[in-house]
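What you see is a predicted model; the values in this text were computed from it and never measured.
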Amino acid sequence: MPLPAIYTTAFDLAQPSGGKVTVLALNKILAVSGLPPATIDKILNIVVAPTRSRITKGECSVALALVAMAQKNMDLSIENLTAHREGSNSDEASGSSQRDVHLWFLNLDVIRITFAPEKEGIFLFRHTNYIVESKARQTTVIRRYSDFWWLLEILAKRFPYRILPNLPPKRLGVADEVFLERRLRGLTRFMNALMRHPVLKNDPLVISFLTEPVELALWRKNVVISTEDEFTRKLPISESLVKQVPMDLELQLESIKRRLPASVEYYRSMVHVMDRVQKRTEANAGDYMRFSLALNALADCEKHCHVEECYSCGQLSQGYGKVGSHIGQASNALEEQARATQRGVVEDLKRHRDLLVSVMELMQRRERAKESGLVEMLKKRITNQEQKLTHLRTTAAATAAAAAAARAEGAGDGGYGGGEPGIYDAQIEKLVQGIQSDRAEMEMQSQRAILINHTLSMEILYYHKSQALIASIYQNFVHEQIKTSRGLTDTWESLSPIVHDLPMEVNAFN
C-alpha cells in the first residue's frame with residue numbers, strides 16, 4: 001500500500017539530510033499533533049532507539065501512522081499498526097481525511113489582500129475592489145466584497161457542520177478609511193482561515209475564487225454552482241466510519257460548548273486592550289516626533305546668543321539638535337512597534353477570537369438541527385401508519401369474512417354494502433409504500449447523523465490543533481517587545497554621553 005502523500009510532505013519539511021531527519025525535527029512535528037506529551041514519548045520510544053539521533057523516512061512514516069492510531073484511541077504497538085494496515089484497505093478513503101487533519105498545519109497557503117488602485121461606480125455607490133494574492137498558487141485576482149459574501153453563503157450550504165470563518169460586516173452608504181482598513185484586515189483573516197482548514201481549502205469553489213482571472217460575477221453566469229451539502233455525496237456510508245466516531249463525542253462537544261462563551265469574551269477583551277495599547281504606542285510615537293521637531297526648531301532659534309562670545313549657548317543649541325535627532329529615532333522605533341502590534345498580536349488575537357466565534361456558531365447550528373427532530377417525527381409517523389395499517393388489515397379481513405359468510409348463506413351481494421373484499425387494498429398499498437418510504441428516509445437520516453458526528457469529531461480535532469498556533473502569538477509579541485526595547489535602550493544609551501557633555505556650570509554662562 002503506497003504511503004499517504006502527507007507523510008512524504010511531513011518528512012520533506014523536516015529538512016532531511018542524507019535521507020534521514022533528526023529526532024528533534026520529528027518531535028516538533030509530533031508535538032503539534034494535539035497528543036499528550038506522554039503519548040508522543042511512547043511513540044518515539046516505539047520508533048527510535050535511545051542511542052539514535054536520526055531516523056529514516058520509513059521510520060518517520062511509522063511514527064506518523066502511530067499518531068493516527070493514537071487519535072483513534074487505539075493501542076499503540078507495531079503489531080497493532082501492522083494489523084490495522086492490513087485491514088484498512090476498505091477504510092483508506094475515509095481515513096485519508098483524518099490523516100490530513102493530523103498534519104493540517106503543513107504547507108499552508110498565505111493569502112494577501114490589498115486595495116485595488118481605483119474604486120468603481122458612481123459617486124455614492126462606488127465600491128472598493130480588492131487584489132487577492134495566493135502565495136502557494138502564485139495567482140492574483142480582483143474581487144469585490146460581495147464576492148466574498150457569496151462565497152461564504154455557498155460554503156455555508158455545502159458545509160453546514162464545518163467551522164466556517166466569519167466575514168467583516170456590511171455597511172451601507174459611504175465607508176470611511178478606518179472602516180475600509182478594518183474590513184480589509186477582516187477579509188484577510190477570512191481567506192487565511194479558509195486556507196488553514198483541511199477541507200475547505202481544497203473545495204473547488206474556494207480554488208476557483210483564488211484562481212479565476214475574470215470577474216467573479218461573469219464567471220458565475222457560465223458555471224453551475226452546486227449547493228448540495230457534502231453529506232449527500234457520501235451516502236451510503238461504510239460500516240468502518242461508525243468506529244471512527246469517538247465514543248465520548250457528546251461529552252467533548254458539551255465541554256467545548258460550556259467553555260466557549262467565556263473564552264470568546266476574554267478574547268474580545270484582550271483584543272480591545274491590545275488595540276488601546278497599540279493606539280497609545282502610536283500616540284507616543286507622534287508625541288515624541290512633535291517633541292523632536294520642536295527641539296530642532298529650538299536649536300535653530302537659539303543658534304545665536306545675545307552674548308557674542310558665549311560658547312555655552314552654542315553647545316546647548318547643538319545639543320538640542322542631537323537630542324531631537326535621538327528622540328526622532330525613538331519615535332520611529334515606537335511607530336514601528338505600533339505597526340508590529342497591529343499586524344502581529346492584535347490580528348493574531350482576532351484570528352483566534354474569530355475561530356472561537358465560528359466554533360460557537362457551529363455548536364448553535366447543531367443545536368438548531370437537533371431541535372427540528374426529523375428522526376423523531378419519522379418514528380411517530382411510522383408508528384401511526386403501522387397502527388392504521390393494522391386497523392385496515394383487521395377491518396379488511398373482517399369484511400372479507402363477513403362477505404364470504406353472507407355468500408355461503410345465500411344472502412347475495414347486497415347484504416354488506418361496501419363490503420367488497422378488495423375495497424381496502426388501495427389504502428393498504430398506499431400505507432405500505434408510505435411506511436417503506438419513511439423507513440428509507442429514517443435510515444438515510446441515521447446514516448447522515450453518523451456522517452455529521454464524524455465531521456464534528458474532525459472539526460473539534462481541527463479546533464484543538466489550532467491551539468498550537470497560540471504559542472506563536474506570544475512568542476512573536478515578546479520578540480517585538482524585546483526588539484523595540486533594545487532599540488530604545490541603544491538610542492537612549494547613545495544619547496546619554498551627549499546630554500552629559502552639555503554645559504551645566506553656572507559660570508559657563510557669564
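A side chain to side chain contact (heavy atoms under 4.5 Å, CB included) with L194 is found for one member of V199, L200, D203 and no other, namely L200. If you run side chain to side chain contact (heavy atoms under 4.5 Å, CB included) between L187 and each of I111, N192, L167, V132, only L167 comes through.
By the 6.0 Å contact criterion, OH on Y266 is open, its count of non-hydrogen atoms from other residues, nucleotides or ligands being 12 or less.
Side-chain contact between D229 and R158 is absent, with no heavy-atom pair separated by less than 4.5 Å. Taking 4.5 Å as the limit, every side-chain heavy atom of Y320 sits out of range of all side-chain heavy atoms of D300. Contact annotation: the side chain of R182 never approaches that of P168 to less than 4.5 Å [non-hydrogen atoms, C-beta and beyond].
Ion pair R351/D348 flagged as a salt bridge, since at least one NZ, NE, NH1 or NH2 atom sits closer than 4.0 Å to an Asp/Glu carboxylate oxygen. Using a 4.0 Å cut-off between charged nitrogen and carboxylate oxygen, R339 and E282 do not count as a salt-bridge pair. Look at E215 and R143 and you find no salt bridge, because none of the NZ, NE, NH1 or NH2 atoms lies under 4.0 Å from a carboxylate O. Residues K350 and D354 are not paired through a salt bridge, judged by the lack of any N-O separation under 4.0 Å between the basic side chain and the carboxylate. With respect to R144 and D147, no salt bridge is recorded, no charged nitrogen being found less than 4.0 Å from a carboxylate O. The pair R137-D109 meets the salt-bridge criterion, since a charged nitrogen lies less than 4.0 angstrom from a carboxylate oxygen.
Of all non-hydrogen atoms in V47 and E59, the two that sit nearest each other are CG1-O, 3.3 Å. Scanning all heavy atoms of the two residues, the minimum distance from H197 to R162 falls at CE1-CD, 3.9 Å. When every heavy atom of A285 is checked against every heavy atom of L334, the shortest pair comes out as CB-CB, 3.7 Å. In plain terms, the two heavy atoms of R196 and L469 that are nearest each other are CD-CD1, 3.9 Å.
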* Asked: Between Y145 and Y130, does a ring-ring contact (aromatic ring centres under 6.0 Å, His included) hold up when you go through it step by step?
  -> CA-CA 8 Å; Y145 174 76; Y130 299 93; 7.6 Å; no
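Looking only at distances, a side-chain donor or acceptor of R365 sits under 3.5 Å from a matching main-chain atom of P160. In this structure, the side chain of S325 does not engage the main chain of G321 through any donor-acceptor pair within 3.5 Å. A side-chain donor-acceptor contact under 3.5 Å links T139 to the backbone of L210. Of the possible polar contacts, one joining the T489 side chain to the S485 backbone as a donor-acceptor pair under 3.5 Å is found. Judged by distance alone, with hydrogens and angles left aside, the side-chain atoms of T188 form no donor-acceptor pair with the main-chain N or O of R112 at under 3.5 Å. Side-chain atoms of S317 come within 3.5 Å of backbone atoms of A299 as a donor-acceptor pair (strictly under, hydrogens ignored). No side-chain donor-acceptor contact under 3.5 Å links T484 to the backbone of Q481. Although no hydrogens or angles enter the test, the distance criterion places no donor-acceptor pair under 3.5 Å between the side chain of E336 and the main chain of A333. In this structure a side-chain-to-backbone donor-acceptor pair under 3.5 Å is present from N222 to L218. Although no hydrogens or angles enter the test, the distance criterion places a donor-acceptor pair under 3.5 Å between the side chain of N202 and the main chain of P198.
Side-chain contact of H352 with S466: a donor-acceptor pair under 3.5 Å is absent, judged by distance alone. With no hydrogens or angles considered, no side-chain donor-acceptor pair links Q252 and H464 at under 3.5 Å. A donor and an acceptor atom, one from each side chain of Q337 and Q278, are nowhere located under 3.5 Å apart.
Taking the side-chain hydrogen bond (donor to acceptor under 3.5 Å, both in side chains) definition, one finds that S269 meets it with nothing, sequence neighbours left out.
Here H272 contributes atom NE2 and R276 contributes atom CZ; the two are 5.0 Å apart, rounded to the nearest 0.5 Å.
Using the six-membered ring where Trp is involved, W492 and Y288 have ring planes that are perpendicular, over 60° apart on the 30 and 60° scheme.
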